[in-house]
Amino acid sequence: MSWVLLGLAGLLEVAWAFAMKQSHGFTRLLPTAVMLVTMVASFGLLAVAMRSLPLGTAYMIWTGIGAVGTFTVGVWLLGEAVSPLRIFAALLIVAGIVTMKLAS
């Protein structure tokens, strides 16, 4: 169950990062509120997952899901630049996440 909670926490990290971008520097109320709610939920799920997962493993996987997910959302929804080198960098993060999971 901890792994599921950790995955959900990572997805919520993507959601709050996207909402933060949409808030335009906290000048738009709804995206700012969404950011705050998803941020608290993400941290909460991470904390619960850390009850039974090692700190380094949980934190690395949580930030990795957030980083790769946010990169993907930026490319798909916001039209951010994509290049072979950026994709390779994201794949390296995914490889690190998989390796960390296998090592646990």
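- A 6.0 Å sphere centred on CG of Leu29 holds no more than 12 heavy atoms belonging to other residues, nucleotides or ligands.
- Both Trp16 and Phe26 belong to a common hydrophobic cluster when Ile, Leu, Val, Met, Phe, Trp and Tyr are linked at side-chain heavy-atom distances under 4.5 angstrom.
- Within the 3.5 Å criterion, the main-chain N or O of Ala67 finds no donor-acceptor partner in the side chain of Thr70.
- When every heavy atom of Arg28 is checked against every heavy atom of Gln22, the shortest pair comes out as NH1-O, 2.7 Å.
- Contact detail for Leu6 and Ala58: the closest heavy-atom pair is CD1-O, 3.5 Å.
- The distance from atom OG1 of Thr72 to atom CD1 of Ile87, rounded to the nearest 0.5 Å, is 9.5 Å.
- The nearest pair of heavy atoms linking Trp62 to Glu13 is O-OE1, 2.8 Å.
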Stepwise side-chain contact (heavy atoms from CB on, under 4.5 Å) test for Phe18 and Met35:
CA-CA 8 Å; Phe18 179 71; Met35 182 207 68; over 6 Å; no
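- Separation of atoms CE (Met1) and CZ (Arg51) is listed at 11.5 Å; rounding is to 0.5 Å.
- Each of Phe43 and Val14 belongs to its own hydrophobic cluster when Ile, Leu, Val, Met, Phe, Trp and Tyr are linked at side-chain heavy-atom distances under 4.5 angstrom.
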Carefully, step by step, assess Met50 and Tyr59 under the rule side-chain contact (heavy atoms from CB on, under 4.5 Å).
CA-CA 8 Å; Met50 282 182 173; Tyr59 190 76; 4.2 Å; yes
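- The heavy-atom pair separating Ser23 from Thr32 by the smallest distance is CB-OG1, 3.3 Å.
- When the side chains of ILVMFWY residues are joined at heavy-atom separations under 4.5 Å, either directly or via intervening members, Leu55 and Met60 end up in a single hydrophobic cluster.
- Transitive grouping of hydrophobic side chains (ILVMFWY, heavy atoms separated by less than 4.5 Å) keeps Leu30 and Val37 in distinct clusters.
- A side chain to side chain contact (heavy atoms under 4.5 Å, CB included) with Ile61 holds for exactly one of Ile97, Leu53, Val98, Leu46; it is Ile97.
- Taking all atoms of both residues into account, the shortest heavy-atom contact from Ala41 to Leu12 is CB-CD1, 3.7 Å.
- Between the Ser42 side chain and the Thr38 main chain, no donor and acceptor come within less than 3.5 Å of each other.
- Among all heavy-atom pairs drawn from Val34 and Ala19, the shortest one is CG1-CB, 3.9 Å.
- There is a path of hydrophobic side-chain contacts, each under 4.5 Å, that joins Leu36 to Met20.
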